[in-house]
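Notes for the one structure printed next.
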There are 2 protein chains.
Amino acid sequence: MSEASKNLRPEIELDEIDRKIVEELQANGRITNAELADRVGVAASTCIARVRSLVSRRIITGFTATVDPRAMGLDLQVLVSVTVRSGARQRIAEMSDELRALPEVMQLFFLGGVEDFIIHLAARDSDHVRDFVMEHLSAHPAVSSTRTSIVFSHHLNPIRGAA
Amino acid sequence: MSEASKNLRPEIELDEIDRKIVEELQANGRITNAELADRVGVAASTCIARVRSLVSRRIITGFTATVDPRAMGLDLQVLVSVTVRSGARQRIAEMSDELRALPEVMQLFFLGGVEDFIIHLAARDSDHVRDFVMEHLSAHPAVSSTRTSIVFSHHLNPIRGAA
DNA sequence: AGTGAAAGGCATCGCTT
DNA sequence: AAGCGATGCCTTTCACT
């Protein structure tokens, strides 16, 4: 990596301790500061300062509980690939905000390629999926076509840094 | 929902307080129990019992820090669609374990449809992507074809329950 | 199931090295 | 960056409802 490109994102230098903190907090985001400090081998006061620094530098962007969609009555997950009409590409950005606000939308991927974006949807059942696609996609003037695939299983990994 | 299908997943009855707890913990997984109790309007002792119950019932499956891949030197995200040779479908399950162990793999979706699975990859650069696809996919005897699309942006939403 | 009180543990701060 | 010590808050347990 050149020095020039480095300077575009200054101060993102993670040492071994930072990396260990990130790793532990990904594995258990509700660990106490005292135990985290023990595990990474620094004093509690140092540890809390490190964590706050990681958060304020937006290396850690948040802490969240992961929830089983089935426990919330959402038994069916699908991926919907969407292609936008070629004359309506500039509307993709505004569709993002509309779609993100919908409770069924777990994830949104905006893509370069044949498809313009992919929606990861959690729904109660197939009727719910159909209603979603009809109402929010097929009926949308910018949408050219959609393709829905059922998700049999889904795995989410923590971020593991580059070598 | 019929009583029969209800009984397949017993004891997943979330009341208003449980739902509020889940919501708050998705928004801020590191909130203190005391503040969480205040926000949902129960005593701290009740609140901690509720949280533990949600975790032991696997409604909440974990707590994690969310990390910016770019901060970890992973500047490029792609989705790779993979189709498996029709004679090798039974190998999909074992490929799951191999792929999940790789540090570049953020997510895995196993699908029904034209593609057998989609890999959400975080990589340093396009060389890194190429190396990953060549080494772990193209060279794999079960893989029939792959298609790689760049991810321009990615949004992750909390789970919001069914009505 | 939920609550409140009490004891111990933890977070957080300022200061020192 | 680490360690120490003090304060106040938080967590946790338990008896009671």
Side-chain angles (χ1 to χ4, degrees), chain A residues 6-7 9-68 70-73 158 161, chain B residues 1 3 6-68 71-73 158-159 161-162:
Chain A
K6 240 184 190 168
N7 289 340
R9 295 193 129 248
E11 309 293 333
I12 302 194
E13 302 287 319
L14 300 190
D15 62 19
E16 263 315 298
I17 293 168
D18 285 329
R19 268 190 272 268
K20 195 94 192 292
I21 288 173
V22 167
E23 190 183 321
E24 293 288 345
L25 285 175
Q26 283 187 102
N28 180 8
R30 247 181 121 71
I31 191 175
T32 63
N33 183 61
E35 190 177 341
L36 182 58
D38 276 353
R39 293 199 187 186
V40 306
V42 296
S45 53
T46 305
C47 191
I48 201 168
R50 292 265 192 164
V51 172
R52 289 207 259 247
S53 167
L54 288 164
V55 171
S56 73
R57 286 145 77 200
R58 306 280 315 175
I59 290 158
I60 292 173
T61 54
F63 296 92
T64 145
T66 56
V67 173
D68 181 357
R70 297 185 196 210
M72 307 296 296
Chain B
M1 190 190 272
E3 282 301 320
K6 241 183 190 170
N7 290 338
L8 292 174
R9 297 192 130 248
E11 312 292 331
I12 302 192
E13 302 286 317
L14 299 189
D15 63 15
E16 263 315 298
I17 293 168
D18 286 328
R19 268 191 270 269
K20 195 96 190 289
I21 287 173
V22 166
E23 189 184 324
E24 294 287 345
L25 285 176
Q26 283 187 100
N28 179 8
R30 243 179 125 72
I31 190 176
T32 64
N33 182 62
E35 189 176 342
L36 182 58
D38 276 354
R39 292 199 188 186
V40 307
V42 296
S45 51
T46 305
C47 191
I48 201 168
R50 290 267 192 164
V51 172
R52 288 208 263 246
S53 167
L54 288 164
V55 170
S56 72
R57 286 145 76 198
R58 309 272 331 172
I59 291 159
I60 292 174
T61 55
F63 295 94
T64 159
T66 55
V67 173
D68 182 357
M72 306 297 294
I159 303 285

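In what follows, every heavy atom counts, from backbone to side chain, and hydrogens, waters and symmetry copies are set aside.
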Worksheet, complete the sentence: With sugar-phosphate taken as primed atoms, P, OP1 and OP2 and all else as base, the protein-contact string of nucleotides 3-17 of chain C at under 4.0 Å (heavy atoms; B, S, -) is BB-----SSSS----

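Here the CE-CD1 distance, from A/Met72 to B/Ile159, works out to 8.0 Å after rounding to the nearest 0.5 Å. To the nearest 0.5 Å, atoms CZ (B/Arg39) and CG (B/Leu36) are separated by 8.0 Å.
The backbone N or O of B/Ile21 sits nowhere less than 3.5 Å from a side-chain atom of B/Arg50 that would complete a donor-acceptor pair. No donor-acceptor pair closer than 3.5 Å links the side chain of B/Thr61 to the backbone N or O of A/Asp68. In terms of modelled atom types and a separation under 3.5 Å, the side chain of B/Arg19 and the main chain of B/Leu14 share a donor-acceptor contact.
Distance A/Asp38 CG to D/dG3 P: 11 Å, rounded to the nearest Å. In this structure, CG of B/Leu54 is placed 13 Å from P of C/dA1, rounded to the nearest angstrom. Taking atom CG of B/Leu36 as the reference point, atom C1' of C/dG2 lies 16 Å away to the nearest angstrom. Atoms CD1 (A/Ile17) and C1' (D/dA1) sit 9 Å apart, rounded to a whole Å.
Bending across the helix from C/dG2-D/dC16 to C/dT17-D/dA1, expressed as the angle between its end axes from five pairs apiece, amounts to 30° (10° rounding).
Between B/Glu23 and B/Val40, every side-chain heavy-atom pair lies at or beyond the 4.5 Å cut-off. Residues A/Phe63 and A/Val55 are in side-chain contact: their nearest non-hydrogen atoms beyond the backbone lie under 4.5 Å apart.
Within the structure, every side-chain polar atom (N or O) of B/Arg50 is placed at least 4.0 Å from both OP1 and OP2 of C/dA1.
A donor-acceptor contact under 3.5 angstrom links the side chains of A/Ser53 and A/Arg57, judged on distance only.
Classification of C/dA1 as syn follows from a glycosidic angle within 90° of 0.
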